[in-house]
Every structure is written in C-alpha cells, then in structure tokens.
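Basis for what follows: all heavy atoms, side chains included, without hydrogens, waters or symmetry-related copies. Here is how names work: the chains are called A, B, and so on, in the same order as the sequence lines, proteins then strands, and each is numbered from 1.
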There are 2 protein chains.
Amino acid sequence: MEPRQGAQAIRRALAVLRILAAGREDGVPLAEVVRATGLTRPTVHRIVHVLIEEGIVERHNKTGRYAIGNQVPELALARPRPSRLLVAANPSLRRASAEIGDTLFLTARTGNDTLCVDRRIGIYPIQVLSIEVGARRPLGVSSAGVAILAAMPAPDARKIVAANEKRFAAYQTDAATVLGQVTAARKRGYNMREIGLVQGTKSISTWIKTPDGQPAAAMTVSAVRTRLGPRREQEVAEILLREARTIEQAIGG
Amino acid sequence: MEPRQGAQAIRRALAVLRILAAGREDGVPLAEVVRATGLTRPTVHRIVHVLIEEGIVERHNKTGRYAIGNQVPELALARPRPSRLLVAANPSLRRASAEIGDTLFLTARTGNDTLCVDRRIGIYPIQVLSIEVGARRPLGVSSAGVAILAAMPAPDARKIVAANEKRFAAYQTDAATVLGQVTAARKRGYNMREIGLVQGTKSISTWIKTPDGQPAAAMTVSAVRTRLGPRREQEVAEILLREARTIEQAIGG
DNA sequence: AGTCGCCTGTCCATAATATGGACAAGAACG
DNA sequence: CGTTCTTGTCCATATTATGGACAGGCGACT
C-alpha cells in the first residue's frame, strides 16, 4: 500500500533533506549527498538549489556546504507540544542519570535514522559529550542505532541496514559489521560497544519498545572505558534495563 | 534569477506545507488547501498523501484534517541555535512588557506569512492571549502583518498582497482593505487597529527592519479596547517605537 | 423519501515536467 | 601542468506529474 506514485521529485527532495539534517549546522557537501542518496548529481543539485530559493536549505558561503535552513524550524513551530516519548522518559532519565553519574542519551528512531532527542550530563568529572541533541545518524552506526535494530524482527533490521548501506562508508563501517553487532546485542539483551565514536570511550544501550512491539528509542550511557569495567557494566545495564521497562509502561498507559 | 525550474512538484509541496503550518495542531481540510494554493484537488491530494507516507504530514482521524507531522520538528533539530532576532529582541521585550503591562507579541516575516515567534504576558489582570507562539497567517491579515507590509516599498507590499489574495477570504478580509490599512499605517508611523481578531480588543504594532532596510518583524501590543484610549495609545506607541529601534541596533551590530 | 451542496478520493490519457549523460570549469595536490 | 577532486550548467529525451472527469459519503433543507 505504501508506494503511492506521482511524486518522485518530492520523495527525492525529502531524502536530500534528511541527509542534510545529518550534517547539522555544518552541513554536507553536495558530493556527499549524491553518494548517500544514490541520485545523480544534476538531480541533487537542482533539488538543493530549489530548496535554497524556498528558504528550506542554506548554503554556507565559506565552505560551500549545504545545511537545513531557517524555514524548517519555522514550519516546526506549528507543532507546539513536546513529543510523548520525551515526556514519558523524563523521570527515568533523571533517575538513571543521578544513579549512574555518566552521560546519558535518549535516542529515537526516525525512518532509517537515529536521532538524539535528549541528553543528561552526570556528576562524574569526566563526561563524554560527543553527541548533541539533534544529532542524526544512519541506524546501525551508533550504539543506540544497533540497539534499536536489535529490538526489531531480524528481516526488518536487515532491510534497514541494506537501505543505509551507501551511507555506512562515511562512518567507517559496513553492513556486515553492523549486522554482527546487532546479533550480539540481541543475544546479550542490550548493546555494548568497546570502541565508541570517540577513542577510549565505551557505550551501553538498551532499547525501548512501543506498545505494539516496535522499538521506538534507545537509552545509552557513554563513559571513558576505564570507568565501565565488567562489574560496573553489569550494574549500569541493569539500571538501564529497569528504566527502559518503566518508560515502556509510561508510553503504554 | 529566482525562477530556477525543473522542480515544480517540490515547490508545490512546500506551498502545501506552509498552508498546513498555518493550521497548527488542528490542521486544515483538503479543500482549504486547494483554495489557498490555487492548485487542483487531485494534485493537492496526491502531494498530501505522499507527505503522509513520508511522515511529514499527519491526518487527524477524527476530523480528516491535515497537519504538519512529527518529522518536521525532527528535521528542525538539525538547527540548534535560536534565531538571531529572538536573542536580539529578548531584553527589549522584557523591558516593554514590564513597562506596558499588556500582552506583547513578536512576529517575524517568513515568505508571505507572519509567524508569531515570541509572546510576553504582562501584569495587568486582563490579557489578550488569542495568538500563540507558532501562529502563522498571511501577511496583511494581522496587525503585525499590516505593520510589516507598511515597512516595505509599496510595490513589494502590493506583490505580496496579490499573492495572498486567495487566502484572505478565510480571514474575512480582502486585498483592498489590507492595502488601505497599510497606507494608513505608513502615514502614522506604526499600525493601529481598533477591531482585533477577538471582539473588543485593540492592537498597536511597530515594525523592525534589518540593516538592509527590509522589515524583519513587528512588535505588537494587544489589549481590551477600553485600556487603549488615545492618550495611552500614544504612550504605548512611543515605547514600542523606541524598543523597535533598539532591536534594530542589536541586529545590526 | 429526494435533492442540493460540499466534502474526499481515484482513474488514466496526455502534456508538461524532471531527468541524467555529457561538457565545463574551478580548486587542491604533487 | 597533469591528476583528481569538487560544483555548476545544458538540453534532448522519456518518465513523471498533471488535472478533467467520475464516484461515493455526509449533512441540511424540503
């Protein structure tokens, strides 16, 4: 039922926008958009420049990179209320952050991407702050992304990984590696990765499912590796798993 | 140089989105979108439904109305920093709100629309709260919209009014009325309207220009009419004009 | 009951639109 | 000064989006 047709151009424009969103403030060079979307360069060029004329995309004069423009947040103002997930997760994040003391991330799934929607900084003096609220990555690249893939039926996860394959190269990974990590996480009950995006960091992620069983988000703790030995990993994982279940209750009710 | 071509569909989709944004949470019926955009119904229908599949638009099951979807704020997260205008206007709004005591609105121009970007509630016990942050209207409909039109060269204003003409009917006005109000505001140096959107309210708006002379926003005070007699109108207008100039300085520097 | 008015959704032949191969030109590098 | 990277533009082509026409649903009025 999905593939309604007669709007190829619109779908393509949105694909471009989502790639640009992953580039955040700095934006993305045209060639990168071409690679990530699999479209031809003239097509991407045309789309991007029309979006610039419409105020949806901006071009940074210095770097020549393209980024999400002004009008997108303006359109977003039409939706005033904060998301259900954010409200439901708030007390759990506060509790877990106080208990653990390391940086805590809440990461939602949106299409084939993960999107960091909340971050809590702990009290421990060394904090991993690599990821900001708004950060967006292909599902499978980050610890949270692997956790979310692990929480869905294997065929669905494979489909998403295949769809994101072109984008993995930019993050120094590939489909096979990702699928391996997903399998490991599924066995373990949560995801753990020894080598975080920043050297010397370690991450633990648990998934959060909606009432219909689809994964909606992940909760992640990142810390310097030395602070997450096997024993503490166990402790932290238990807290995260407990709070993940609490959030699931809150969404369901 | 503007009209780059080869993307009619994308432009149309954005036109639809902007109309939907004006409908806020409640959304807009399809027929209204058709009227406001001047597109044919099959075209709008197709665009809207593709945008639904893409998560950009939502349809309220009860009412059948279409509204801006979840993914728009998600894309907007790619632009973390608050707008320049909001930062620059903050102290002025605080000051003016304390001094005046009635509700104060900051309204920006975006394309052919006005967008309420900030609101300060005063200390006087009766406050006009008709407009929320995020409210969007065709330029010319609201007091702020007329002020912004009055601040630009007459031919530009006429062009915008012509472009919005189809949408005026939904707000019980028309191009001729709007142009009359604009002329009056231009003579007066600020805009005043005796009959606000809500019965019995009166509004005063001043415009704020960017360094290049284009109007960027308007500052508006709304109050019950009895509270804004000729004498107080004068006082309030002076405060608003003073703060408008202050904001212009802050943007320029 | 019928009929009018206004709404949403769908079909498909057609024409207009978006496409992408090919070309051009600038920048960074050795 | 060739090589390889990038971004931008042209235009003949066929793919894609278009909109007139048709269909069905709902509520109001008679």
Side-chain angles (χ1 to χ4, degrees), chain A residues 1-20 22-23 26-54 56-69 166-167 169-170 172, chain B residues 1-20 22-23 26-54 56-69 166-167 169-170 172:
Chain A
M1 193 157 293
E2 266 271 309
R4 190 179 293 252
Q5 58 171 13
Q8 188 194 60
I10 295 171
R11 280 187 212 276
R12 288 177 164 186
L14 291 172
V16 167
L17 270 185
R18 291 197 252 267
I19 299 300
L20 293 184
D26 295 340
V28 180
L30 191 67
E32 177 62 31
V33 180
V34 170
R35 266 190 296 270
T37 56
L39 302 171
T40 62
R41 225 169 33 66
T43 299
V44 172
H45 183 266
R46 182 165 21 84
I47 289 173
V48 159
H49 279 263
V50 169
L51 291 174
I52 287 174
E53 284 177 15
E54 296 285 337
I56 301 294
V57 165
E58 281 173 12
R59 174 157 208 236
H60 294 150
N61 272 342
K62 301 238 160 195
T63 59
R65 285 160 164 253
Y66 298 95
I68 294 288
K166 281 176 198 148
R167 301 168 65 196
Q172 279 90 272
Chain B
M1 192 156 295
E2 265 272 310
R4 191 176 292 251
Q5 58 171 10
Q8 187 194 61
I10 295 171
R11 280 188 212 276
R12 287 177 166 187
L14 290 172
V16 168
L17 271 185
R18 293 197 187 99
I19 299 300
L20 292 184
D26 294 340
V28 181
L30 192 66
E32 177 62 31
V33 180
V34 170
R35 267 191 296 269
T37 58
L39 302 172
T40 61
R41 226 171 29 66
T43 298
V44 173
H45 183 266
R46 183 164 21 84
I47 289 173
V48 159
H49 279 263
V50 168
L51 291 175
I52 288 174
E53 284 177 15
E54 296 285 336
I56 301 294
V57 165
E58 281 172 14
R59 175 157 210 237
H60 294 153
N61 271 342
K62 300 239 160 195
T63 59
R65 285 159 165 254
Y66 298 94
I68 294 288
K166 281 177 196 147
R167 301 167 66 196
Q172 278 91 271

Base of C:dG20 paired with side chain of A:R41 (donor-acceptor, under 3.5 Å): no

- Using a heavy-atom cut-off of under 4.0 Å over every strand shown, decide if A:R65 touches base, sugar-phosphate, or nothing.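 The residue A:R65 makes no contact with any strand.
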
Judged by nearest nucleotide, the residue sitting upstream toward the 5' end of DNA chain D, A:P42 or B:Q8, is A:P42

Please compare A:G6 and A:E32 by the position of their nearest nucleotide in DNA chain D and report the one closer to 5'.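 Its nucleotide being nearer the 5' end, the pick is A:E32.
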
Measure the distance from [atom1] on [X] to [atom2] on [N] and round it to the nearest whole Å.
X: B:L30; N: D:dG24; atom1: CG; atom2: P; result: 19 Å
X: A:R11; N: D:dT15; atom1: CZ; atom2: P; result: 19 Å
X: A:K62; N: C:dA27; atom1: NZ; atom2: P; result: 15 Å
X: B:H49; N: C:dT10; atom1: NE2; atom2: P; result: 7 Å
X: A:H45; N: C:dG26; atom1: NE2; atom2: P; result: 15 Å

Counting just side-chain N and O atoms, does [X] come under 4.0 Å of either OP1 or OP2 of [N]?
X: A:R35; N: D:dT6; value: yes
X: A:T40; N: C:dT19; value: no
X: A:Y66; N: D:dG8; value: yes
X: B:R12; N: C:dA18; value: no

| task | Please find out if less than 6.0 Å separates the ring center of B:H49 from that of B:Y66. | result |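 Yes, close enough.
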
* **Side chain proximity check, A:E54 to B:R11, heavy atoms < 4.5 angstrom** =>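 Sidechains of B:R11 and A:E54: in contact.
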
Here the pair of heavy atoms bringing B:K166 nearest to B:T37 is NZ-O, 4.4 Å

Starting the side chain at C-beta, find the nucleotide from D:dA17, C:dC7, C:dG20 nearest to B:A9.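 Selected nucleotide (nearest to the side chain): D:dA17.
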
Worksheet item: Which of these nucleotides, C:dT19, D:dT9, D:dA17, is closest to any side-chain atom of B:R46?
Response: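 Of all the options, the side chain of B:R46 is nearest to D:dA17.
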
Q) Judged by atom type as modelled, is there a donor-acceptor pair below 3.5 Å linking the side chain of A:R12 to the main-chain atoms of A:L39? A) no

B:R46 side chain to A:G6 main-chain N or O, any donor-acceptor pair under 3.5 Å? yes

